[in-house]
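Keep in mind that what you see is a predicted model, and the values were worked out from it rather than measured. Each ligand, and each atom within it, is numbered from 1 in the order the structure gives.
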Amino acid sequence: MKECISDDMKRKISEHPCYSPEAQHKFGRLHLAVAPSCNIQCNYCDRKFDCVNESRPGVASEVLSPQEALERTTRILEKNPYISVIGIAGPGDPLDNDETFETFRLIREKFPDITLCISTNGLLLSDRFEELAASNVETLTVTMNAFDPEIQKGIISMVYYGGKKYEGREAAELLIQKQLEGIEKAVEAGMTVKINTVLIPGINDKHIVDLAKKMNGLGVYIMNVMPLINQAAFADKVPPTEQEREAIQDACAPYVKQMRHCRQCRSDAYGLLGNDLSVKKPEKKEGGTELKTITAPIIKNSEE
Ligand code: SF4
Ligand code: SF4
């Protein structure tokens, strides 16, 4: 495995709850839901912008403007100083929304030392790379489910690029080409790259180890094999068992470090990975249930 990481980046990784399993108990992340639109359609995607009690990617209680995102960040960091990473992860694709760049600019101006992170489908990664690098984004996730277009075309139904709609194999080829180009640029520029791969039994399960090998060649730092959430066009698919996912992670581990503690967070999640403070949890009450926001975690050294 290639590893060529600066000391500063090593420290940032050690304080990033998704990149370091140890960091997840001490450091938190804040997702800012400023990016509603998306330029591709994945068959497992069901986005919701007004949802308070569901916990999964693509869900947020509301979409924020960049200014609102800055205000939210200021409020949350004041109360939760253990949060070390500010990320934009949807609810759509961050790079398909100009608000992403304006939000990063505002946050960087006010919080120059915080780690900025982004999660993208990668279609616009190489095209918008200079803007992203100018925002000082240091950690980046690309969701890459296949590098074989025959497999990819079964996972997405369309790609919208350069004012044109692509479908079938053409869409799959274009997405893969842009993802690989973008990952290469990001690694070259010194960003620490994570790949999210959705494990879809019967579609890409036999292909994921080859994908890990390919990512190793590109210098990807870590890979996160996530179980399919069966919804939208994939509502009738059977998600993998925990054992099936573990077996694939074990088979990929010789090629790329595996993230095994992902919580499949909402697009507006914040706090520790194991305690998302954005989710309203049902509280048992006599005569029924009521929704409430769970309280902040007790953290040693926190000023909370
Ligand atoms: Fe949904 Fe993300 Fe796929 Fe876009 S890239 S369709 S937001 S899962
Ligand atoms: Fe980290 Fe996974 Fe949550 Fe993304 S979805 S912030 S990788 S735990």
Side-chain angles (χ1 to χ4, degrees), residues 13 15-21 23-25 27-49 54-60 63 83-97 100 115-125 139-146 152 155-161 171-172 175-176 178-179 182 192-198 200 220-234 245 249 257-279:
I13 289 171
E15 294 177 359
H16 194 307
C18 310
Y19 282 64
S20 152
Q24 65 171 314
H25 305 296
F27 297 95
R29 50 75 186 98
L30 162 59
H31 282 171
L32 296 169
V34 295
S37 79
C38 189
N39 42 20
I40 70 172
Q41 182 59 57
C42 302
N43 291 334
Y44 51 73
C45 181
D46 176 19
R47 278 173 285 152
K48 285 188 189 165
F49 306 155
E54 214 175 314
S55 191
R56 60 170 175 79
V59 159
V63 173
I83 289 178
S84 58
V85 176
I86 308 292
I88 300 183
D93 185 66
L95 299 180
D96 194 39
N97 296 264
T100 295
T115 300
L116 297 182
C117 190
I118 194 171
S119 182
T120 173
N121 61 36
L123 180 67
L124 294 179
L125 184 52
T139 54
L140 166 95
T141 295
V142 180
T143 299
M144 181 146 202
N145 297 322
Q152 181 71 284
I155 302 174
I156 53 165
S157 60
M158 86 78 204
V159 164
Y160 191 78
Y161 180 76
L175 179 60
I176 292 166
K178 299 306 281 180
Q179 288 174 322
T192 305
V193 179
K194 172 159 79 61
I195 293 297
N196 278 354
T197 301
V198 180
I200 311 161
V220 163
Y221 176 74
I222 193 166
M223 179 184 207
N224 175 22
V225 179
M226 309 164 89
L228 171 74
I229 298 174
N230 52 344
Q231 57 189 8
F234 277 176
R245 179 165 71 123
Q249 288 172 323
K257 196 192 296 282
Q258 296 293 297
M259 175 185 187
R260 296 176 191 253
H261 60 284
C262 178
R263 302 290 181 135
Q264 294 186 285
C265 310
R266 294 162 58 94
S267 307
D268 57 3
Y270 74 95
L272 295 178
L273 296 192
N275 190 9
D276 180 0
L277 301 176
S278 72
V279 180

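Between the side chains of Asp96 and Ser37, at least one donor N or O sits under 3.5 Å from an acceptor N or O.
Under the 4.5 Å side-chain criterion, counting only non-hydrogen atoms from C-beta, Leu95 is not in contact with Asn39. Residues Thr115 and Glu15 are not in side-chain contact: their nearest non-hydrogen atoms beyond the backbone lie 4.5 Å or more apart. Contact annotation: the side chain of Pro36 approaches that of Asn97 to within less than 4.5 Å [non-hydrogen atoms, C-beta and beyond]. Here the side chains of Met144 and Leu175 are not in contact, with every heavy-atom distance at 4.5 Å or above.
Residue contacts with ligand 2, taken as heavy atom pairs separated by less than 4.0 Å, do not involve Met226 at all. At a 4.0 Å heavy-atom cut-off, ligand 1 touches Cys42 through backbone and side chain alike. Within the 4.0 Å heavy-atom criterion, both parts of Ile40, backbone and side chain, lie near ligand 1.
For ligand 2, the atoms closer than 4.0 angstrom to any heavy atom of His31 are 6 (S). Of all atoms in ligand 2, listed by their number and element, those nearer than 4.0 Å to a heavy atom of Lys194 are 7 (S). Applying the 4.0 Å criterion to heavy atoms of Cys38 picks out, from ligand 1, the atoms 4 (Fe), 5 (S), 6 (S), 7 (S). For ligand 1, the atoms sitting less than 4.0 Å from at least one non-hydrogen atom of Asn121 are 5 (S), numbered in the order shown with element in parentheses. Heavy-atom proximity to Pro91, at under 4.0 Å, picks out these atoms of ligand 1: 7 (S). For ligand 2, the atoms sitting less than 4.0 Å from at least one non-hydrogen atom of Leu273 are 8 (S), numbered in the order shown with element in parentheses.
The nearest heavy-atom contact from the protein to atom 1 (Fe) of ligand 2 is Cys18 SG, 2.2 Å. Among protein heavy atoms, the minimum distance from atom 2 (Fe) of ligand 2 is reached at Cys262 SG, 2.4 Å. Nearest protein neighbour of atom 8 (S) of ligand 2, counting heavy atoms only, is Arg263 N, 3.4 Å.
In this structure, His16 contributes its side chain and Val85 its backbone to no donor-acceptor pair below 3.5 Å. When atom types are taken as modelled, the side chain of Asp276 and the backbone of Tyr270 share a donor-acceptor pair closer than 3.5 angstrom. Between the side chain of Arg29 and the backbone N or O of Ile83, no donor-acceptor pair lies under 3.5 Å. Of the possible polar contacts, one joining the His261 side chain to the Pro17 backbone as a donor-acceptor pair under 3.5 Å is found.
By the 4.0 Å heavy-atom criterion, Gly90 is excluded from the residues contacting ligand 1.
Look at Cys265 and atom 2 (Fe) of ligand 2: no N/O/S atom of the residue is under 2.8 Å from the metal.
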